[in-house]
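Residue numbers begin at 1 in each chain, while the letters A, B, ... track the order of the sequences.
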There are 2 protein chains.
Amino acid sequence: MADSTRTPERRYGTRPTMKDVAARAGVGLKTVSRVVNGEPGVTPDTVQRVRNAIEALGFRRNDSARILRKGRTASIGLVLEDLADPFYGPLSRAVEEAARAHGALLIHGSSAEDPERERELVLAFCARRVDGLIVVPAGDDHRYLEPEIAAGIATVFVDRPPGLLDADVVLTDSYAGAREGVAHLIAHGHRRIGFIGDLPRIHTARERLRGYRAAMAGAGLPVDEAWVSLGPTDPARVRAAARAMLDGARPVTALFSANNRVTVTAVRELSGRTRPVALVGFDDFELADLLDPGVTVIAQDAAQLGRTAADRLFRRLDGADDPPEVTTLPTRLIPRGSGELPPS
Amino acid sequence: MADSTRTPERRYGTRPTMKDVAARAGVGLKTVSRVVNGEPGVTPDTVQRVRNAIEALGFRRNDSARILRKGRTASIGLVLEDLADPFYGPLSRAVEEAARAHGALLIHGSSAEDPERERELVLAFCARRVDGLIVVPAGDDHRYLEPEIAAGIATVFVDRPPGLLDADVVLTDSYAGAREGVAHLIAHGHRRIGFIGDLPRIHTARERLRGYRAAMAGAGLPVDEAWVSLGPTDPARVRAAARAMLDGARPVTALFSANNRVTVTAVRELSGRTRPVALVGFDDFELADLLDPGVTVIAQDAAQLGRTAADRLFRRLDGADDPPEVTTLPTRLIPRGSGELPPS
DNA sequence: CTGAAAGCGCTTACAG
DNA sequence: CTGAAAGCGCTTACAG
């Protein structure tokens with residue numbers, strides 16, 4: 001056993017503990033704990049001696065040990081699709097601000113749209129005993145979370161609902177937003193409208209497609225299945241889908257792109273063409289107004305999504321035990337030119 | 001004391017421990033530990049009994065307790081300016097991938113360009129005993145990290161160097177990049193070139209200004225101080241600066257914008273004008289090629305910045321103890337039209 | 001192959 | 001006002 005009273009000096013890679021501080025200050029462990037935590041009932045003189053020892057040794061309380069004893073870890077986990085996707089920047093930032101306001105740290109990870117990776121991350125966070133989780137789900141079966149939730153880890157899903165699990169969710173109204181965007185194109189005279197969306201296993205992709213079909217049906221317009229394309233959002237797939245719709249037997253005169261990445265690729269494809277094609281995209285993006293024409297979008301508020309989910313989470317952590325709740329946030333149509341082009 | 005042999009059932013908010021599993025399986029604590037950690041030397045039959053108990057109780061090892069005993073936390077902290085800034089997305093993602101490859105979790109936070117907030121975050125991460133830190137510094141005095149580094153927390157700075165501290169740094173060559181961008185404008189005939197940059201306390205802002213001055217001096221061109229503006233990068237300040245340079249007594253014919261946010265605002269200001277003004281921006285951004293004209297940029301590789309910093313960090317964690325090192329990554333000029341406009 | 005004891009660095013509950 | 005003992009949930013070192 002190290003005789004800490006004889007080696008109060010800092011050794012590389014070894015941190016002083018409260019025990020070391022106590023020895024150096026000539027007080028008991030509990031007194032050091034009191035000073036470190038600002039608890040009352042310590043003589044000013046004793047406080048000073050402890051402070052001096054802390055300073056001399058370069059002591060910093062080990063919060064991991066504290067946490068083990070106290071139960072709560074003051075940390076929350078955020079799992080989303082991709083840390084590098086600009087859509088999640090404002091969402092992450094909003095969650096971080098809420099965590100900060102509650103004195104919690106943020107553990108962060110990307111699922112890369114892989115259900116297995118989502119599960120690994122989430123369970124690793126649970127093993128660290130985060131107090132709560134905010135998850136943009138990649139998978140469609142979240143029963144693996146049942147024991148964790150039962151054990152007290154508050155969980156809120158955001159952007160997409162969980163699968164086979166009853167939990168709090170915060171969503172954007174994808175259905176209504178897509179319907180409004182497509183109806184906008186119809187109002188500007190379009191009758192043949194293409195829909196390019198994300199993988200059909202993603203909830204928002206299905207909801208937006210449902211909105212598209214509702215708008216078309218509402219206007220009495222038939223949908224040629226050649227106008228609908230769901231799949232990965234990599235540029236090659238999206239461009240191929242757009243080309244097929246634009247150059248097919250019954251070419252579309254307008255496109256509805258169902259998320260930010262699809263929209264950007266659609267803009268690239270359209271910019272290389274002479275015939276003007278109308279475009280409305282789901283999700284706003286920077287510089288959309290500076291393109292020519294400006295890109296009309298159905299905007300959703302990613303920061304509000306994060307803020308609402310974090311509010312919900314911290315209310316749960318404060319003891320709210322009402323039944324799980326679905327919150328749906330509205331979208332907003334922003335006309336900028338591309339969605340107001342007439343059919344050619 | 002709770003008699004865990006009599007209450008093996010899961011209670012809300014209380015998790016079973018190895019002790020509970022041991023009691024239920026009728027084995028010792030150490031045997032449970034062996035099974036959980038996949039250590040050899042346990043009879044298949046015993047393994048099965050322990051597994052059954054784990055399953056029945058919904059046990060998941062508490063990694064916080066494990067960490068306290070083992071020393072390393074398998075987590076790293078990343079502090080940057082703003083989680084919502086698209087520039088940091090690829091950097092964060094690259095750091096996350098490296099952490100994942102090394103089995104570490106990522107704790108993430110924004111300094112909001114506030115030195116005090118940077119310090120609080122970094123020290124909170126240290127109190128949790130992260131194994132290492134990657135920091136985009138906001139402050140210019142990092143001596144507060146000395147005891148932490150001495151105690152063994154590996155630290156790598158990225159994008160900007162630390163202040164008053166000798167540590168590993170990974171930078172982009174701001175000086176050379178800015179000089180090349182401004183020289184490019186000069187090569188296209190410009191003699192009056194404006195520079196709009198970030199706050200002068202930010203290292204990259206100063207380096208880019210130095211590059212601008214070097215390019216001008218290298219071509220024998222005088223710099224009117226009315227052409228140089230450093231300050232916050234909010235749109236109002238940047239637009240005012242651009243207007244003053246464009247409408248002043250000796251109007252500039254070209255602008256060099258020293259980061260992505262400045263460039264975007266400059267593009268907005270220029271798009272409202274009839275007289276064409278050349279523009280080169282530091283940092284690439286999405287859709288720069290689709291604007292009219294396309295925006296010529298000095299691109300830096302944010303993902304590579306993150307990857308390099310993480311490599312360095314994990315090499316330190318693996319025991320590398322060579323002296324701190326400065327790594328400088330090159331930039332790349334991407335001509336797209338705006339930087340090739342002649343003087344008007 | 002298996003387990004009891006000690007300890008990681010703190011806090012809690014209690015006693016002086 | 002102060003501190004010794006027990007314990008948070010694990011792992012380590014050691015003994016059978």
Side-chain angles (χ1 to χ4, degrees), chain A residues 1-5 13-50 53-54 57-74 126-129 131 151-152, chain B residues 1-4 11 13-50 53-54 57-74 126-129 131 151-152:
Chain A
M1 195 189 303
D3 182 355
S4 48
T5 60
T14 306
R15 304 201 68 131
T17 69
M18 281 195 180
K19 198 174 151 202
D20 299 321
V21 173
R24 176 153 185 141
V27 299
L29 197 56
K30 178 60 196 167
T31 298
V32 176
S33 177
R34 285 197 181 91
V35 172
V36 168
N37 294 303
E39 288 167 25
V42 186
T43 318
D45 177 58
T46 310
V47 170
Q48 197 50 54
R49 268 172 40 228
V50 172
I54 287 172
L57 296 172
F59 169 79
R60 187 173 309 283
R61 181 181 65 199
N62 183 335
D63 279 354
S64 295
R66 167 171 229 247
I67 278 161
L68 179 59
R69 200 53 245 254
K70 297 213 82 146
R72 280 214 174 172
T73 59
C126 290
R128 297 293 179 105
R129 298 294 189 264
D131 296 328
Chain B
M1 195 188 304
D3 182 353
S4 50
R11 279 178 302 153
T14 306
R15 306 201 67 132
T17 68
M18 281 195 179
K19 197 174 150 200
D20 299 322
V21 174
R24 176 152 184 143
V27 299
L29 197 56
K30 178 61 197 167
T31 299
V32 176
S33 177
R34 284 196 183 93
V35 172
V36 168
N37 294 303
E39 289 166 24
V42 186
T43 320
D45 177 56
T46 310
V47 170
Q48 198 50 54
R49 267 168 45 226
V50 171
I54 287 173
L57 295 172
F59 168 80
R60 187 173 309 282
R61 181 181 64 198
N62 183 335
D63 280 354
S64 294
R66 166 171 229 247
I67 278 162
L68 179 58
R69 200 52 244 255
K70 298 212 83 147
R72 283 218 171 167
T73 59
C126 290
R128 298 295 179 102
R129 298 293 189 265
D131 296 328

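Looking at the side chain of A:Arg69, the nearest of the listed nucleotides C:dT2, D:dG3, C:dT12 is C:dT12. You'll find that the side chain of B:Leu29 is closest to D:dC10, out of D:dG7, C:dT2, D:dC10. Among D:dG9, C:dC10, D:dT12, the nucleotide with an atom closest to any side-chain atom of B:Lys70 is D:dT12. Of the candidates C:dC10, C:dT2, D:dC10, the closest approach to any side-chain atom of A:Arg61 belongs to C:dC10. When distances are taken from the side chain of B:Met18 to each of C:dG3, D:dT2, D:dC10, the shortest belongs to D:dC10. Listed candidates were C:dC1, D:dG3, D:dC10. Nearest to the side chain of A:Val27 is D:dG3.
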Enumerate all atom pairs, one protein N or O and one N or O from nucleotides 14-16 of chain C, separated by less than 3.5 Å.
none

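Judged purely by atom type and a 3.5 angstrom limit, A:Arg60 has no side-chain atom pairing as donor or acceptor with the backbone of B:Ala127. A donor-acceptor pair under 3.5 Å is absent between the side-chain atoms of A:Thr43 and the main chain of A:Asp45, judged by distance alone.
Under 4.0 angstrom from either OP1 or OP2 of C:dT2 there lies at least one side-chain N or O belonging to B:Thr43. Taking 4.0 angstrom as the limit, B:Asn37 places a side-chain polar atom (N or O) nearer than this to OP1 or OP2 of D:dT11. A sub-4.0 Å separation between OP1 or OP2 of D:dC8 and a side-chain N or O of B:Thr17 is absent. For the OP1/OP2 pair of D:dG3 and a distance below 4.0 Å, the side-chain nitrogens and oxygens of A:Thr31 include at least one atom meeting the criterion.
If you take CZ of A:Arg66 and P of D:dG9, they are 17 Å apart, rounded to a whole angstrom. Distance, B:Arg129 CZ to C:dG9 P: 9 Å, rounded to whole Å. Between A:Asn62 atom CG and C:dT11 atom C1' there is a gap of 13 Å when expressed in whole angstrom units. At whole-Å resolution of the value, CG in B:Asp63 and P in C:dC8 are 20 Å apart. D:dT11 atom P lies 17 Å from atom CZ of B:Arg72, rounded to whole Å. A:Lys19 has its NZ atom 14 Å from the C1' atom of D:dA5, to the nearest Å. Rounded to whole Å, atom P of D:dC1 lies 13 Å from atom CD of A:Glu39.
Note that the NZ atom of B:Lys30 and the CD atom of B:Glu39 stand 4.5 Å from one another [nearest 0.5 Å]. B:Arg34 contributes atom CZ, which lies 10.5 Å from atom CG of B:Leu29 (distance to the nearest 0.5 angstrom).
Between A:Ile54 and A:Val36, some side-chain heavy-atom pair lies under the 4.5 Å cut-off. With contacts defined as side-chain heavy-atom distances shorter than 4.5 Å, the pair B:Arg128/A:Ile67 qualifies. Contact of the A:Ser33 side chain with the A:Asn37 side chain is registered, since non-hydrogen atoms from C-beta on lie closer than 4.5 Å. Contact check for A:Asn62 versus A:Arg15: no side-chain heavy atoms found under the 4.5 Å cut-off. Within the 4.5 Å cutoff, the side chain of B:Val32 has no heavy atoms near those of the B:Val35 side chain.
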task: For DNA chain C, produce a single dot-bracket line, 5' to 3'. Pairs: Watson-Crick or G-U wobble, both distances under 3.5 Å. Symbols: ( ) within strand, [ ] crossing, | other strand, . unpaired.
output: |||.||||||||.|||
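Shown here for A:Arg24 and A:Ala53, the closest heavy-atom pair between the two residues is CG-CB, 3.9 Å.
Within the 4.0 angstrom heavy-atom criterion, no nucleotide atom of any strand lies near A:Ser64.
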